[in-house]
Protein chains: 2
Amino acid sequence: MQKKVRIIDIAKMAGVSKGTVDRVLHSRGNVSEAARIAIEGVLEKVNYKPNIHVSAISLKRSYKIIVTTPEISLGAYWESIHNGIHHALEEYENVKIELQVFTYNQYDIYSCRHIFEKIAGFEMDALIVGPTFPEETINLCKKMDDRDIPYIFVDSTIDSTAPLAFYSADHYVCGFMMAKLITSIIPENANIAIFQAVRTGDKSANTTVLRKKGFTDYLENNRCSNLILTIPFSVTAPEDNEMYLSRLFQSQREVPAIVVLNSRGNFIADYLEANHIKGVRMICMDLTAANVEALKKGQIDYLIGQEPEYQGFSSMKTLLEYLIFKSPVKKQNYVQLDIITRENVGFYKRFNNTVY
Amino acid sequence: MQKKVRIIDIAKMAGVSKGTVDRVLHSRGNVSEAARIAIEGVLEKVNYKPNIHVSAISLKRSYKIIVTTPEISLGAYWESIHNGIHHALEEYENVKIELQVFTYNQYDIYSCRHIFEKIAGFEMDALIVGPTFPEETINLCKKMDDRDIPYIFVDSTIDSTAPLAFYSADHYVCGFMMAKLITSIIPENANIAIFQAVRTGDKSANTTVLRKKGFTDYLENNRCSNLILTIPFSVTAPEDNEMYLSRLFQSQREVPAIVVLNSRGNFIADYLEANHIKGVRMICMDLTAANVEALKKGQIDYLIGQEPEYQGFSSMKTLLEYLIFKSPVKKQNYVQLDIITRENVGFYKRFNNTVY
DNA sequence: TGTACCTTTGTGCACGAACACAGAATTATT
DNA sequence: AATAATTCTGTGTTCGTGCACAAAGGTACA
């Protein structure tokens with residue numbers, strides 16, 4: 001273990017005072033060409049790593065960070081993301097961080113547009129975005145780019161933007177894997193119903209599109225000739241959903257398997273239970289409280305987890321280390337796709353009851 | 001956010017100096033009854049949390065920690081555990097920690113006995129143990145208990161010991177889940193071969209025993225009448241293994257599925273490839289480099305991961321926080337049992353290429 | 001030459017816990 | 001009662017960084 005290089009050591013080597021080194025390290029300006037070159041020369045020779053503990057103590061300035069995501073429902077996906085974000089803040093409790101959270105209705109493009117336009121004008125040091133609508137997100141990001149404000153995506157990433165980083169599942173692979181898992185537990189060529197959300201003012205969520213593509217590609221690649229029945233799912237008019245489901249089950253077709261490309265599997269589980277429909281295999285996204293319950297009861301066979309706590313935690317941690325220590329940032333971060341059954345579900349609760 | 005309570009604040013409230021508060025907080029003695037009671041009274045009212053950054057800076061003493069586990073092979077399970085341990089040390093690079101690592105041959109009880117007896121006499125502040133042989137581990141732990149040295153288990157836990165904590169998979173559930181997964185992808189009542197390590201001087205690893213129990217319990221609970229063929233696996237005489245496998249495949253029985261209760265699935269994959277045996281479904285433990293390769297080639301269908309990096313990381317982190325900050329410790333820590341397929345394996349490499 | 005202004009540089013303090021050390025208070029011993 | 005020994009307590013230093021502030025050096029202009 002080589003002995004640590006301190007700012008004062010660099011100063012001595014470069015023949016200046018620690019104040020000047022500090023100004024170069026933090027690009028604070030007011031440094032002569034000669035001094036800057038001397039210091040940069042030394043910095044290239046030695047491997048200076050600031051003592052993060054001392055930095056954290058000495059830091060006087062505060063940071064304002066804005067977080068915008070779809071609305072947070074209790075025990076659901078976005079709550080986990082926010083839990084992760086707050087968890088990261090706990091690690092930096094001695095740094096003054098002002099957090100502002102704005103949520104929008106992920107099924108209503110006007111809500112998103114309204115919130116994003118509001119945010120765009122605010123003062124901030126950085127932004128975390130849970131994107132849903134590509135166009136609106138691109139607009140917001142353009143404004144951030146102009147103002148040189150770094151932003152990080154969680155849950156998914158959007159093309160034609162320049163985020164500092166993103167934390168997201170590979171949604172295509174996700175759909176692909178769902179197809180493999182569901183077909184492995186149903187008879188060959190059995191019908192499969194796909195449950196998919198519809199939204200106002202836009203076609204479909206970018207995540208859902210990718211998952212569906214992955215799903216159908218798997219079936220094609222493996223020459224599966226299962227008949228795919230698509231059921232819409234409406235958030236704005238929830239009363240319609242029962243109708244969609246009854247139509248499905250009243251048709252003459254057998255429905256041995258249901259694939260839920262979003263996290264609303266518990267809704268279907270409830271319908272099946274209320275209508276005494278048995279023997280339907282089901283796979284669904286995300287370990288929401290309701291889904292976990294349905295999984296434990298055996299109504300859902302597989303849940304796919306995408307580490308929402310980790311996504312939130314890492315995006316905030318990455319951001320803070322970038323802002324405070326100018327740490328290098330890994331841009332593309334695909335998270336784990338956890339396959340969850342009633343057997344291993346109990347071990348997936350890291351952030352709920354303990355500290356990472 | 002309530003303002004932080006500092007040692008000096010507590011001192012003022014109790015009417016003493018910060019030095020005395022420090023002595024109480026660290027149980028350093030030399031404090032009068034009256035002062036101690038006054039300070040403890042204040043401590044109960046206020047929620048004092050030391051600033052870990054300042055603690056880390058101010059800490060002058062060093063800690064000696066011993067780690068003992070089975071031998072480390074490249075790209076294998078125990079290497080990941082040690083990676084996690086070192087990763088935790090990086091977070092505490094400013095704390096002086098002297099680490100000593102002792103490995104033993106996990107298939108040879110005499111090797112373990114020898115190492116454990118050696119370790120028992122050494123000076124140390126804490127111990128991390130990857131246990132294999134129950135008797136030997138109990139003996140070591142007894143000596144640690146007598147000397148008031150805290151120890152933490154990784155990989156598995158041993159009855160009749162009093163560890164500070166353990167990080168382990170629930171190996172029973174692990175075997176149970178393996179049974180469910182393998183039976184879901186093979187025909188009903190198909191034969192299943194189980195591949196199990198044998199060791200000198202002892203019956204079987206405690207982890208393997210638990211996994212096997214979970215496995216057979218699943219089959220019983222679900223009234224599966226699959227015929228189970230047990231194949232031994234010898235580490236001390238590896239030349240025998242080919243023979244065991246050829247006997248299996250030369251018998252008149254069909255072998256549609258192989259379950260590997262340890263992490264040596266790649267060995268079987270190689271055998272099958274060399275002998276042009278196809279169509280065998282296989283499930284195996286752990287994401288060793290060789291197993292991941294076999295998984296990607298399609299020779300293994302499922303791998304079960306047990307977060308070895310996290311186990312090592314957490315055990316060391318827990319230990320350090322206990323030693324340095326006297327943080328409370330959660331004793332029982334069952335890690336995730338990750339279900340890995342060729343689709344999601346690429347996302348399970350957190351510690352390999354990035355920092356948590 | 002004197003004043004105003006800007007650029008550049010060095011010095012010094014704050015952050016809060018850990019611990020060393022000196023000195024005060026109390027108890028024990030002669 | 002005087003001294004020695006012990007117990008107890010307060011003060012002061014240390015850690016390395018961030019940043020405020022003051023001062024020095026230089027340039028421009030009346």
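Throughout, a chain's letter reflects where its sequence line sits, starting with A, and its residues are numbered from 1. The analysis underlying the following values was restricted to heavy atoms, covering all of them including side chains, and did not include hydrogens, waters or symmetry mates.
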For a quick test of reading the model: is some side-chain N or O of B/Ser32 closer than 4.0 Å to OP1 or OP2 of D/dT9? yes
For the pair [X] and [Y], name the ring-plane relationship: parallel under 30°, tilted 30 to 60°, perpendicular over 60°.
{"X": "B/Phe325", "Y": "B/Tyr92", "answer": "tilted"}
{"X": "A/Phe116", "Y": "A/Tyr104", "answer": "perpendicular"}
{"X": "A/Tyr334", "Y": "A/Phe166", "answer": "perpendicular"}

Under 4.0 Å, counting only non-hydrogen atoms across every strand here, what does B/Ala35 touch: a base, just sugar-phosphate, or nothing? sugar-phosphate
What is the distance, rounded to the nearest whole Å, between atom CD1 of A/Ile57 and atom P of D/dT14? 17 Å
For the residue pair [X] and [Y], what are the closest heavy atoms and their distance?
{"X": "A/Trp78", "Y": "A/Ile72", "result": "C-CG2, 4.3 Å"}
{"X": "B/Leu164", "Y": "B/Val329", "result": "O-CG1, 3.6 Å"}
{"X": "A/Gln306", "Y": "A/Gln311", "result": "O-NE2, 2.7 Å"}

Could you go through nucleotides 17-27 of chain D and list every protein N or O atom that sits under 3.5 Å from one of its N or O atoms, giving the distance for each pair?
{"from": "D/dT17", "atom 1": "OP1", "to": "A/Tyr48", "atom 2": "OH", "distance (Å)": "2.7"}
{"from": "D/dT17", "atom 1": "OP2", "to": "A/Ile7", "atom 2": "N", "distance (Å)": "2.9"}
{"from": "D/dT17", "atom 1": "O3'", "to": "A/Ser55", "atom 2": "OG", "distance (Å)": "3.1"}
{"from": "D/dT17", "atom 1": "O2", "to": "A/Ser58", "atom 2": "OG", "distance (Å)": "2.5"}
{"from": "D/dG18", "atom 1": "OP1", "to": "A/His26", "atom 2": "NE2", "distance (Å)": "3.2"}
{"from": "D/dG18", "atom 1": "OP1", "to": "A/Ser55", "atom 2": "OG", "distance (Å)": "3.4"}
{"from": "D/dG18", "atom 1": "OP2", "to": "A/His26", "atom 2": "NE2", "distance (Å)": "3.2"}
{"from": "D/dG18", "atom 1": "O6", "to": "A/Lys18", "atom 2": "NZ", "distance (Å)": "2.6"}
{"from": "D/dG18", "atom 1": "N2", "to": "A/Lys60", "atom 2": "NZ", "distance (Å)": "3.4"}
{"from": "D/dC19", "atom 1": "OP2", "to": "A/Arg28", "atom 2": "NH1", "distance (Å)": "2.8"}
{"from": "D/dC19", "atom 1": "OP2", "to": "A/Arg28", "atom 2": "NH2", "distance (Å)": "3.0"}

Tell me, please, the opening and closing nucleotides of DNA chain C, 5' to 3', among those with an atom under 4.0 angstrom from a non-hydrogen atom of chain B. C/dG16 to C/dC19
Indicate yes or no: does A/Lys18 engage A/Asp9 in a salt bridge with an N to O separation below 4.0 Å. no
Testing B/Thr137, B/Thr103, B/Val101, B/Ile119 one by one against B/Thr68 for a side-chain contact (heavy atoms from CB on, under 4.5 Å), which residue passes? B/Ile119
